[in-house]
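Take a look at the structure set out below.
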Amino acid sequence: MAYETILLERKGAVAVIWLNRPEKLNAMNARLKEEVAHALGELEKDETARVVVITGVGDKAFVAGADINEFAGKTPVDQWTAYGHTSLYNVVDRFPKPIVAMINGYCLGGGCELAMACDIRIGSDRAQLGQPEINIGIIPGGGGSQRLPRLVGLGKAMELILTGDRIPATEALRIGLLDAVVPHAELEARTLELAEKIAAKSPVAVRLAKAAVKASANMPLDQGLRYEQSLFSVVFSTEDKEEGVKAFQEKRPAQWKGR
Ligand code: COA
């Protein structure tokens, strides 16, 4: 697929997806969503890609939301069909490798929902986050009403969704919507540092760890604990487990095989 609205960059084991509609503050139209989903499909198959970073081109925006212009005249059936199985939010949510959202500016509506479907959110100190859908007479439709309360609690999520207010990065960090805030000029370096650190671990252990943590959002505690035990048992089948233990005993860095 020839990409028109994204750029795909490789930095060693880290793949960076740049959302590339800066003149529209990277608002997500159907084409952009399709391209990101396609790129993730390719990166899932690519064993050399260990961690994905998603960010926006330009200095102003991560994503200023779904492309509002596509809402005009859209019917309920159009919208229902657009969700389908390939809805970008689902693709990101189910992606087996870690995805870090590098939030370089406005992170609004569908942009905030995209970031919340990612695993870790690093924000520039210039970032502003929010769910402003209410201001145009609609509601979040990319998971905002479900993921936001899980991250920040019911009251704060309700306040953000019902007022449509934007909050600065420091406030987003305080309530748990961002996991770190860094000076704008250091955002890329600090995010890549984190991504590279994760990419250097055993890829099979990283996948299983991610699956276990994700399960905590979807399962009751007793089932989640049992699921963790299953994955913990599965990890004992890997060569990387033997290598990790041996490397510890021999006081040397482990050489991961990814199996
Ligand atoms: N969908 C489509 N286009 C968008 C957009 C969106 N969600 N957000 C911004 N744009 C476009 C603007 O229409 C403008 O295009 P134009 O130059 O062709 O007129 C361009 O991006 C720049 O935006 P502008 O509003 O001029 O920038 P600003 O710095 O004055 O304001 C925002 C920035 C983010 C406050 C403002 O663009 C905004 O409120 N955007 C909508 C946010 C939103 O409601 N998102 C949720 C949608 S469900």
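Note that the coordinates shown come from a computational prediction; the quantities given were computed from them, not determined experimentally. In listed order, ligands and their atoms are each counted from 1.
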When you look at Arg226 and Gln229, which way does the side-chain hydrogen bond (donor to acceptor under 3.5 Å, both in side chains) test go after all the steps?
CA-CA 5 Å; Arg226 201 71 192 114; Gln229 289 173 346; 2.2 Å; yes
Nearest-neighbour protein heavy atom for [atom], which is reported as residue plus atom name and distance:
{"atom": "atom 46 (C) of ligand 1", "answer": "Pro132 CG, 3.8 Å"}
{"atom": "atom 5 (C) of ligand 1", "answer": "Ala27 CB, 3.9 Å"}
{"atom": "atom 25 (O) of ligand 1", "answer": "Leu25 CD1, 4.9 Å"}
{"atom": "atom 34 (C) of ligand 1", "answer": "Leu108 CD1, 3.6 Å"}

Determine, using heavy atoms of Lys60 and all atoms of ligand 1, whether some pair is separated by less than 4.0 Å.
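Right, Lys60 reaches ligand 1.
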Whether Glu23 lies under 4.0 Å from ligand 1, heavy atom:
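Within the 4.0 Å threshold, so yes.
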Run the salt-bridge test on [X] and [Y] with the 4.0 Å N-O cut-off and return the result as yes or no.
{"X": "Lys210", "Y": "Asp119", "result": "yes"}
{"X": "Glu193", "Y": "Lys197", "result": "no"}
{"X": "Glu243", "Y": "Arg259", "result": "no"}
{"X": "Glu171", "Y": "Arg174", "result": "yes"}
{"X": "Lys33", "Y": "Glu70", "result": "no"}

State, yes or no, whether a side-chain contact exists between [X] and [Y] at a heavy-atom distance under 4.5 Å.
{"X": "Val206", "Y": "Val51", "value": "no"}
{"X": "Asn20", "Y": "Thr5", "value": "no"}
{"X": "Arg252", "Y": "Lys246", "value": "yes"}
{"X": "Glu228", "Y": "Met219", "value": "no"}

When you look at Leu19 and Ile54, which way does the side chain to side chain contact (heavy atoms under 4.5 Å, CB included) test go after all the steps?
CA-CA 7 Å; Leu19 310 175; Ile54 299 182; 4.0 Å; yes
Would you say [atom] has a protein heavy atom nearer than 4.0 Å?
{"atom": "atom 13 (O) of ligand 1", "value": "no"}
{"atom": "atom 23 (O) of ligand 1", "value": "yes"}
{"atom": "atom 30 (O) of ligand 1", "value": "no"}
{"atom": "atom 19 (O) of ligand 1", "value": "no"}
{"atom": "atom 36 (C) of ligand 1", "value": "no"}
{"atom": "atom 7 (N) of ligand 1", "value": "yes"}

Among Lys24, Met28, Glu113, Gln131, closest by any non-hydrogen atom to atom 21 (O) of ligand 1
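Shortest heavy-atom distance from atom 21 (O) of ligand 1: Lys24.
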Counting heavy atoms only, name the option from Ile136, Asp67, Ile68, Asn135 that's nearest to atom 41 (C) of ligand 1.
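Ranked by closest heavy atom to atom 41 (C) of ligand 1, first place is Ile68.
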Proximity to ligand 1 by part of Arg166, non-hydrogen separation under 4.0 Å
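Under 4.0 Å from ligand 1, Arg166 contributes side-chain atoms alone.
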Ignoring angles and geometry beyond distance, decide whether Ala64 reaches within less than 3.5 Å of ligand 1 through its nitrogen or oxygen atoms.
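Yes, Ala64 has an N/O under 3.5 Å of an N/O on ligand 1.
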Judging by distance only, is a nitrogen or oxygen of Gly65 under 3.5 angstrom from one on ligand 1?
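Checking ligand 1 against Gly65, no N or O pair falls under 3.5 Å apart.
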Could you tell me which atoms of ligand 1, counted from 1 in the order shown, lie closer than 4.0 angstrom to a heavy atom of Glu133?
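So the answer, numbered in order with elements, is 48 (S).
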